[in-house]
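Written out below as structure tokens is the structure these notes cover.
The chains referred to below are lettered A, B, ... by the order of the sequence lines, with proteins before strands, and numbering in each begins at 1.
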Amino acid sequence: MRGKFLKVAVAATATAMLATACSSGGDENEPSGQTGGTLRVYNAEPAFLTPSGGDDEPSLYVIRQLYRGLVKYNAESSAVEMDLAESVESTDQKLWTIKLKSGYTFDNGEPVNADAFIRSWNYAAYGPNAQNNGYFMKRIVGLKDVAPADPDGEGPQKAPEPATKEMSGLKKVDELTFTVELDAPFSGFPTTIGYPGFFPMAQACVDDIAKCNETPIGNGPYKIDGSWQHNVAINLTRSDSWQGEAGKPDRIEYRIFADIDAGYAAFQAGELDVLYYLPPARYKEAQAQYGDRMYETPGDSFTYVGMPLYQDAFKDKRVRQALSLSLDRQSIIDAVFDGRYTPATGYVAPTFEGAREGVCKYCTKDVEKAKQLLADAGGWPAGEKLILWANAGAGHDLWLQAVGDQIKEALGIDYELKVNLQFAEYLETADQKKFTGGFRLGWGPDYPFMETYLYPLYGTGAGSNNSGYTNPEFDALMEEGDSADSIQAAIPAYQKAEDLLGEDLPVIPMWWNKVGAVYGENVDQFVWNAVSDADYGATSLKQN
Amino acid sequence: MGRYVIRRLLQFIPTVLGTMFLLHYMTSLAIQFSGNPVRALFGDRTPPPALLQAVTERLGYGDPCLDQRGSPCLGLFLDRLQNIFFHFDFGINLRQREVTDLVADAIPFTLKLLVIAIVFEAVVGIVAGVLAGLRGGSFTDYLVKISTVFIISVPIFVLGVVVREFVGVKFGNVLRDQDWIPDVISAGMFSPGFKPDYPLASLVIPGMVLGAVSLATTARLTRTSIMENIRADYVRTARAKGLTNKRVIGVHTLRNSLIPVITFLGVDIGAAMAGAVVTETIFNVPGIGRLVTMSARTGESSVVVGVVTMLVLVVLLANLLVDLLYAVLDPRIRYE
């Protein structure tokens with residue numbers, strides 16, 4: 001799930017509207033955003049086309065048109081809006097009651113009722129099904145019963161067969177109502193359920209998941225035409241059974257590419273209407289050639305240099321502050337990434353509701369202060385090198401070297417790059433907390449709620465807390481936010497928690513990405529959703 | 001002849017088993033030394049241990065020997081062989097698809113691409129070689145010699161990208177602006193890559209790129225061979241008998257001259273398969289080559305072992321076929 005509360009969301013849409021308004025002299029004076037036509041879009045090969053399995057971008061782009069969930073996100077504000085749900089309510093933020101609208105069905109005629117959701121969530125969570133989106137069910141009571149852990153932690157013993165196939169936290173009340181019980185209060189729950197992992201699945205789909213993966217049985221505005229032509233194309237056409245607001249194009253054709261450069265060539269040759277991602281090397285060229293048809297917006301993916309707090313040299317926060325103070329992020333971005341990123345001054349994406357500028361006071365270059373702080377902390381261990389880690393083959397060594405150079409220049413600490421681990425082993429090293437120095441990692445949000453940037457990375461014992469940061473005060477603030485009465489009421493607590501990070505620097509924030517897409521001449525309105533990215537169902541084509 | 005074929009087929013067994021073991025060992029080592037590929041599926045998000053285990057188990061990376069660095073994982077190898085030979089089960093990839101399905105999807109594209117490449121390289125290469133060989137030192141000869149040197153010295157990945165950029169995109173865009181040119185030419189043949197709307201036309205240029213590199217060798221081989229044979233005694237005899245020039249060249253000279261060329265074309269099927277790995281990625285052809293590239297990148301051992309084993313069989317069969325073709329071209333060659 002990807003999220004961002006951005007203010008300038010549809011700048012390109014506005015430009016496009018303006019352009020059509022200006023050019024529309026005489027008889028081509030049609031209302032903008034008309035329906036019809038075939039939209040051809042770039043995609044990579046999806047991993048799965050089932051809600052329980054697809055967790056990668058290419059899958060989500062297709063799944064979001066085939067299926068619909070309880071809530072959706074506003075394209076501009078990314079606020080949560082009801083979609084299939086009539087209401088999502090709770091008095092204690094722990095037991096949630098979800099009421100569904102009536103009249104919705106799957107493409108095969110099955111009703112979209114409480115069972116459809118309970119069935120889908122249970123299927124995703126059940127261990128032996130090995131569904132990637134089982135991860136997202138982690139808050140629901142009873143997950144441990146359907147996905148028990150291996151008794152001795154790692155092989156050779158196999159995990160025991162789960163005693164039950166259903167999570168005890170999901171209960172059907174009546175045909176269109178069900179309750180969800182969480183392990184702990186979580187005020188952000190309504191923001192999470194718009195993620196495709198929480199979309200419903202038909203009984204026929206769960207009965208034969210392999211077939212459903214090839215020929216999905218959806219409940220959304222589009223249905224599949226034919227079946228998934230692996231590595232070639234996925235064609236969608238308007239679904240007759242959809243009761244909600246219809247999609248703009250009559251057909252959406254996903255062309256599948258293995259290589260973004262091949263996709264870019266196809267776009268240049270006029271074979272694609274939308275390319276949601278630009279090859280970095282072609283960015284400047286694309287900007288020159290398609291400037292007015294290029295869509296750029298601040299992104300929400302966070303790059304940081306983690307600090308191994310489990311190593312003695314990094315235990316004193318003044319050392320971490322000194323390292324962060326010696327970096328000029330903008331100059332690295334300009335030199336290595338054509339200026340396409342935004343320097344990070346906090347821990348929550350600037351596009352999110354509740355995000356503030358300058359939370360991290362040590363994130364702008366100040367060599368004098370850095371030297372002072374390092375001296376106060378007793379200096380860097382003499383004769384030791386600062387080791388900087390990154391995974392191999394992804395080009396991270398370029399910017400990490402710039403980081404090392406700047407630290408060396410400012411503080412006189414010699415550095416060494418360690419960039420020989422493949423991604424899988426690198427992640428295992430992170431999980432086992434075996435880094436010996438700063439390590440690069442990233443983070444993307446799971447849902448449009450501040451918490452997604454805070455607890456998973458810095459909460460005591462949280463899954464992706466790779467720096468080993470522990471702060472009872474931080475944990476208490478997170479709990480306060482989680483059990484707040486509403487999404488808005490949770491923000492002040494989370495902001496206080498973020499302030500703690502700005503002082504403690506468990507990780508050194510580096511930058512936020514920028515999203516770039518190009519669209520063709522026959523696209524009338526290109527729509528970017530603040531949370532779920534390109535919205536093909538809402539993108540319209542010029543009609544002749 | 002029959003005994004010869006049987007003997008050759010029996011030799012396949014140790015070759016295939018040996019290759020499979022090497023592949024198995026190498027992919028196991030890759031996992032032992034670079035980590036569980038399933039972990040990379042989850043990226044920066046650390047999955048709950050139970051989920052990671054469940055997925056690892058389901059995808060067949062749960063064997064404890066994959067944690068022991070350097071272990072040849074013989075047990076796993078035997079399981080794999082059993083599955084492949086007794087159940088025709090090549091395993092699944094990280095997306096839980098059967099390797100046999102993946103190959104079945106991909107093979108038609110690669111076959112079409114290979115046929116186009118081989119036909120192109122054989123026809124154009126042999127014609128150019130014959131023209132150059134018959135008139136040594138002429139303009140045609142120099143033209144063939146220079147152009148082949150030029151083609152040989154450009155690596156296929158450079159050639160591919162340049163052709164995609166200039167022929168597929170730039171020249172193609174010019175054609176697409178002309179209304180009188182049929183779509184199958186402008187949008188199909190001159191597209192920058194494979195297009196599902198024109199499944200055959202859009203493979204022509206990628207196939208030609210794939211054939212181009214070996215085309216040069218074919219032309220050179222034919223040229224040399226023709227030049228050698230044209231002065232041979234039996235050609236002089238044929239001429240002395242008063243046969244027409246067409247028959248002397250077409251039957252007497254060419255037939256003998258083609259033996260080394262056929263050998264080369266046969267061996268070249270293997271090389272073309274390797275070239276397909278590059279060409280298919282550049283031109284977005286959903287074939288075997290692209291499949292292997294992607295699987296190697298993500299460390300999917302079952303796919304790599306399965307697909308490469310099948311490729312080895314293809315190469316072995318092609319070589320056998322070439323050896324048998326010798327007898328057709330040159331009746332003096334006998335097998336026993």
Exercise for the section: Report the option among G193(B), P286(B), S34(B), P192(B) that has the most heavy-atom pairs separated by less than 4.5 Å from atoms of chain A. Expected result: S34(B)
Handout entry: Option that, when pairs with chain B are counted at under 4.5 Å, heavy atom only, ranks first among E271(A), K138(A), Q422(A)
Key = E271(A)
Problem - Under 3.5 Å side-chain donor-acceptor pair for H230(A) and E45(A) - result: yes
Problem - From CZ (F136(A)) to OH (Y447(A)), nearest 0.5 Å - result: 9.0 Å
Handout entry: Criterion ring-ring contact (aromatic ring centres under 6.0 Å, His included) against Y426(A), the qualifying member of F439(A), F435(A), W389(A)
Key = F435(A)
Practice task
Please look at P128(A) and chain B and tell me whether the side chain, the backbone, both or neither of the residue comes under 4.5 angstrom of a heavy atom of that chain.
Solution key: backbone
Exercise for the section: Check whether any side-chain heavy atom of Y455(A) lies under 4.5 Å from a side-chain heavy atom of N465(A), and answer yes or no. Expected result: no
Handout entry: Largest heavy-atom contact set with chain B, pairs under 4.5 Å, which of L143(A), N391(A), D259(A), D261(A)
Key = D261(A)
Problem - Under 4.5 Å from a heavy atom of chain B, the part of E214(A) involved - result: side chain
Completion exercise
Okay, F48(A) and chain B: the region with an atom under 4.5 Å from a heavy atom over there is side chain
Exercise for the section: Tell me, for A187(B) versus chain A, whether the close heavy atoms (under 4.5 Å) come from the side chain, the backbone, both or neither. Expected result: backbone
Problem - Among V55(B), L102(B), N284(B), residue most engaged with chain A (heavy-atom pairs, under 4.5 Å) - result: N284(B)
Exercise for the section: For the residue pair I256(A) and P46(A), establish whether any side-chain heavy-atom pair is separated by less than 4.5 Å. Expected result: yes
Completion exercise
Under 4.5 Å to a heavy atom of chain A? For N36(B) that would be both
Handout entry: Contact leader toward chain B among L421(A), D431(A), L457(A), L441(A), where contacts are heavy-atom pairs under 4.5 Å
Key = D431(A)
Handout entry: Side chain / backbone / both / neither for F33(B) at chain A, heavy atoms under 4.5 Å
Key = backbone
Problem - OG1-CG distance between T56(B) and D63(B), expressed to the nearest 0.5 angstrom - result: 12.0 Å
Handout entry: Test: D273(A) and R40(A) ion pair at under 4.0 Å
Key = yes
Exercise for the section: Side chain from CB out, backbone as N, CA, C, O: work out which of these in D101(B) comes under 4.5 Å of a heavy atom of chain A, or both, or neither. Expected result: neither
Problem - Test item: side-chain donor near acceptor, N213(A) and R97(B), under 3.5 Å - result: no
Completion exercise
Counting heavy-atom pairs under 4.5 angstrom with chain A, the leader among R95(B), K195(B), R290(B) is R95(B)
Problem - Inter-residue atom distance F423(A).CZ - R297(B).CZ, 0.5 Å rounding - result: 15.0 Å
Handout entry: Donor-acceptor pair between Q131(A) and Y135(A) side chains, under 3.5 angstrom
Key = no
Problem - Positions in residues 198-210 of chain B that reach chain A, provided some heavy atom is under 4.5 Å away - result: none
Exercise for the section: Return yes if a side-chain donor-acceptor contact under 3.5 Å exists between T110(B) and E280(B), otherwise no. Expected result: yes
Problem - Salt-bridge present (R139(A), E451(A); N to O < 4.0 Å) - result: yes
Problem - Contact class of K170(B) relative to chain A, heavy atoms under 4.5 angstrom - result: neither
Exercise for the section: Output, in order, the C-alpha distance, side-chain angles, deciding distance and verdict of side-chain contact (heavy atoms from CB on, under 4.5 Å) for V303(B) and V292(B). Expected result: CA-CA 7 Å; V303(B) 185; V292(B) 173; over 6 Å; no
Exercise for the section: Count the heavy-atom pairs under 4.5 Å between each of G134(A), G127(A), A125(A), G442(A) and chain B, then report the option with the highest count. Expected result: G442(A)
Exercise for the section: Measure distances from E165(B) to the heavy atoms of chain A and classify the residue's part below 4.5 Å as side chain, backbone, both or neither. Expected result: side chain
Fill in the blank from the handout: Residue from G53(A), A258(A), A233(A) scoring the most non-hydrogen pairs under 4.5 Å with chain B is A258(A)
Problem - Any donor-acceptor N or O pair under 3.5 Å, side chains R176(B), N173(B) - result: yes
